[in-house]
Amino acid sequence: MDNLNDLVIHFLKDMYYAEQQSLRFVPEMMRAAQSAALKQALETQAQMTRAQVQYLEKVFEALGKRPEGATCEALLGMLKEAEELLKDIGKVGPVQDAGLVAHLQSVMHYGIARYGTLLAWATELGQKQATEFLGLLLESARKADRTLNDLATEGINKEAH
Ligand code: FE
């Protein structure tokens, strides 16, 4: 890697891997969640993630590259932490729900950080088509984060007291 363009491709591969891996944890979260609103949010989130994967493919395409993933240690670390947390709580209920929302928000914050950087880099490089899709990716991650925040502050956190 020796230029900004190489960094863009590297970070795209990282997110392509991260988005797909995060989907693998959805069934386990569904089993662990109690709140109907949280289950609904998980389903919406999974749909959004699948759309994010397709947007990423469009970005690769816009840059003339084949979509390809590269191991994201950050995402794997977050999944490991979430699994440990579920094991430590060990009981379906509001506390576990609050823990799940916290995990999902950390994944969203990672996406916001990465898509924000990618958007800045693609803008710098004048990659117009790529910036359009990266803007959509960033906005989706922000929106998902806001939804999770509302879910927590408008119910789940109170029940977990
Ligand atoms: Fe990563």
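Indexing begins at 1, ligand by ligand and atom by atom, following the structure's order.
- A salt bridge links Glu139 with Arg146: the distance from a Lys NZ or Arg NE/NH1/NH2 to an Asp or Glu carboxylate oxygen falls below 4.0 Å.
- The closest approach of Asp14 to the Fe ion (ligand 1), by N/O/S atoms, is made by OD1.
- Note on Glu73: not counted as a metal contact of the Fe ion (ligand 1), no N/O/S atom lying under 2.8 Å.
- Annotation: the span from Phe25 atom CZ to Leu42 atom CG amounts to 10.0 Å, rounded to 0.5 Å.
- Taken together through direct or relayed side-chain contacts under 4.5 Å among Ile, Leu, Val, Met, Phe, Trp and Tyr, Val53 and Leu119 form part of one hydrophobic cluster.
- Counting backbone and side-chain atoms alike, Tyr110 contributes an N/O/S atom closer than 2.8 Å to the Fe ion (ligand 1).
- Side chains of Gln47 and Arg50: a donor-acceptor N/O pair is absent below 3.5 angstrom, by distance only.
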